[in-house]
Every structure is written in C-alpha cells, then in structure tokens.
Amino acid sequence: MSIIENLLATTPVLLEGGMGTMLMQAGLPSGQPGELITLENPDIVADVHRQYADAGARVVITNTFNSNRFRLDHCSLADKLIDCNRIATRLARQIASSDQAVAGSMGPTGELLAPSGTLSPEHAQEAFAEQAAALDAEGVDFFLVETMFDLQEALAGIRACRQVSNKPIVASMTYSKTPRGFYTMMGNSPADAVPQLLDAGAFAVGANCQVASETMVELAGVMREITDAPLWIKPNAGQPDTSDSTLKYEETPEIFAASVLRIAQLGIELIGGCCGTTPAHIARAREVLAENGFCDLN
C-alpha cells in the first residue's frame with residue numbers, strides 16, 4: 001500500500017497551500033517561474049515546505065509546476081529541466097517526515113493542444129513523461145497532474161506518468177463558475193472530466209486554483225455527487241487584488257478555514273490551498289477541523 005493510501009485511512013488529509021505566491025513574497029520577480037528560486041535560493045523553497053509541514057500539512061508538493069520542457073523553454077531554463085525536478089524533489093523529501101507524502105507537481109505545458117493549437121497530445125505526453133521520469137527517479141510518492149484547463153492535456157499527463165511509473169496519480173482540473181455550471185477554460189465539465197480521468201488511471205481527482213474557497217465548497221459538492229473516488233480540493237484565498245500594485249488575496253485564514261470545514265463535511269478526502277494561501281491558512285484550517293472532530297492537534 002502506498003503512503004498516500006495510508007494517509008487516507010484518516011481523512012481529511014491536509015495538503016500544502018500556495019507555493020508561487022509564497023515565493024513571490026520571498027522575492028521571486030513577477031512573471032518568473034518558481035523554479036528560479038529552486039536553482040538560485042533552494043533554502044527558501046525548503047523553508048516554505050517546512051512552514052507548511054509545521055502548520056499540519058501531511059502532503060508536501062514539489063516546486064516543479066513549470067518543470068516541463070515547454071514552460072522552461074519560455075524562460076530559457078529548458079537545459080535545467082532535470083535539475084529543476086531533481087533539486088525540488090530533494091528539497092521536499094528532506095522536509096517530509098516518514099508519515100508525510102511527497103507529491104510531484106506537474107502543471108500544464110502552457111501550449112494549446114490540437115485542434116485549438118499546434119501541440120499534439122503525443123508531444124505533450126512526451127514532455128510530461130520526461131518530467132515524470134525525473135520526479136520518479138528522485139522518489140516522489142505520487143504524481144500530481146494539476147491546474148489543467150484541457151481534459152486532453154490532463155489525460156496526456158496521466159498516460160505519461162503511467163508510461164514511466166506505477167506510482168499513484170492525482171489529476172486536478174481548474175474550473176470557473178458559469179451560468180451553466182462549472183467548466184474549464186476549454187469547456188470541460190466535472191461530469192465529463194472526472195470519469196475520464198479515473199478511467200485513464202488517476203487514483204484521485206479534484207479541482208484547484210481559479211475560485212475562492214466559498215465557491216470551491218459548491219464545486220466540491222458537485223464532484224462528490226459524481227464519484228466516491230478520493231477527491232483533491234485546493235481553493236484560492238479569494239480573488240487577487242492588485243489595486244495598489246502588489247498582489248494580495250482577500251481571504252483571511254479564518255474565512256478560508258470555515259470553507260475548509262464545509263468541504264470536509266462533504267466527505268472530501270484531500271484538502272489544501274492554492275494561490276494566496278499561506279501556512280497560517282493551513283494552520284487555522286487544521287485547528288478548525290480539530291475543533292469539529294475531524295483531526296487532532298498532536
């Protein structure tokens with residue numbers, strides 16, 4: 001049995017919160033990938049992991065969201081692909097204890113797949129397989145194919161992970177709320193995506209980014225009605241505010257934690273935070289969950 005399956009014996013399992021926004025607070029230049037910090041200031045990445053682990057996160061997520069050849073090529077780091085995945089995984093592994101899992105983050109390529117764009121599913125799968133192999137070699141416990149707007153790209157990511165490893169795979173899409181319900185930018189609904197992701201080999205499926213925690217409560221309920229498979233839910237801390245030229249998110253740890261409790265009450269197994277969330281958000285979520293009998297503070 002894998003460590004993530006062991007963790008699911010007691011739910012909900014708390015995940016890390018936002019990484020990119022934490023690195024921006026630590027000095028990551030606007031528009032630059034978090035991998036730059038991995039390469040130039042790895043202690044900063046390790047410290048973010050440590051703060052989340054101390055706050056109660058049971059899953060540490062590698063700082064490798066952009067570490068595929070297409071995303072790295074845009075910032076002239078393609079020749080550092082192996083280093084980005086290797087160093088980031090080692091940083092996460094050195095912080096994670098024996099009862100904490102390390103997830104290998106794999107974000108989208110940043111390219112549009114055919115027929116909307118020029119990237120073929122086969123070439124996307126090749127790029128994902130290259131990254132997954134590097135993550136697997138350094139010992140991630142499972143793969144996290146995350147923040148996907150295109151179901152076909154998510155499926156390519158799952159196939160790539162399975163091509164190189166038998167480790168569990170979590171697949172997380174990014175939805176927006178529309179008058180017709182929840183849809184990704186490419187028009188995929190949860191009802192369409194969830195069964196296909198599971199059939200392709202995902203161990204757990206879910207949603208992250210784009211929406212505030214209160215809206216994510218609604219989306220989590222929609223997804224819970226679709227499947228009994230483990231669900232991975234990571235809302236933002238509200239919507240970004242750049243009115244004074246700095247990036248801020250409106251949700252306090254208290255507001256965020258209240259939504260996490262409601263998500264847990266839906267029976268969601270894996271809950272964390274995305275953009276704008278901090279160790280304080282995860283720590284308060286843990287306290288509120290404990291106060292309501294979902295976990296303890298030991």
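Owing to the predicted nature of the structure, the values given are computational and were not obtained by experimental measurement.
- Checked by atom type and distance alone, the side chain of Lys234 never pairs as donor or acceptor with a backbone atom of Asn208 at under 3.5 Å.
- The shortest distance between side-chain heavy atoms of Glu111 and Arg71 does not fall below 4.5 Å.
- In this structure, Gly272 and Phe256 approach most closely via the heavy-atom pair O-CZ, 3.5 Å.
- In this structure, the side chain of Arg162 does not engage the main chain of Ala202 through any donor-acceptor pair within 3.5 Å.
- A distance-only check finds no donor-acceptor pair linking the side chain of Glu251 to the backbone of Ala212 [under 3.5 Å].
- Taking the ring axis of Tyr52 as reference, the NZ or CZ atom of Arg50 does not stay both within 45° of it and closer than 6.0 Å to the ring centre.
- Listed for the Glu5 side chain is a donor-acceptor partner under 3.5 Å among the backbone atoms of Ser2.
- Between Lys177 and Tyr183, every side-chain heavy-atom pair lies at or beyond the 4.5 Å cut-off.
- In summary, Glu254 and Arg284 engage in a salt bridge, as defined by a charged side-chain N under 4.0 Å from a carboxylate O.
- Nearest heavy atom pair, residue Ile282 against residue Gly17, reads CG1-N, 3.9 Å.
- Put simply, the side chain of Phe149 reaches to within 4.5 Å of the side chain of Gln210, judged on heavy atoms.
- In plain terms, the two heavy atoms of Asn68 and Pro108 that are nearest each other are ND2-O, 3.2 Å.
- For Glu153 (side chain) and Thr109 (main-chain N/O), a donor-acceptor pair under 3.5 Å exists by modelled atom type.
- Between Glu126 and Arg159, none of the side-chain N atoms (NZ, or NE/NH1/NH2) sits under 4.0 Å from a carboxylate O, so this pair counts as no salt bridge.
- A side-chain donor-acceptor contact under 3.5 Å links Gln100 to the backbone of Ala57.
- Here the shortest heavy-atom pairing between Glu35 and Thr64 reads OE2-C, 3.3 Å.
- At least one donor-acceptor pair under 3.5 Å links the side chain of Thr184 to the backbone N or O of Met186.
- Ionic pairing of Arg93 and Asp141 is present here: one or more N-O contacts between side-chain nitrogen and carboxylate oxygen are shorter than 4.0 angstrom.
- Heavy atoms only, all atoms of each residue included: Ala156 and Gln125 are closest at O-CG, 3.8 Å.
- When all heavy atoms are compared, the tightest approach of Asp99 to Leu7 is O-CD2, 3.3 Å.
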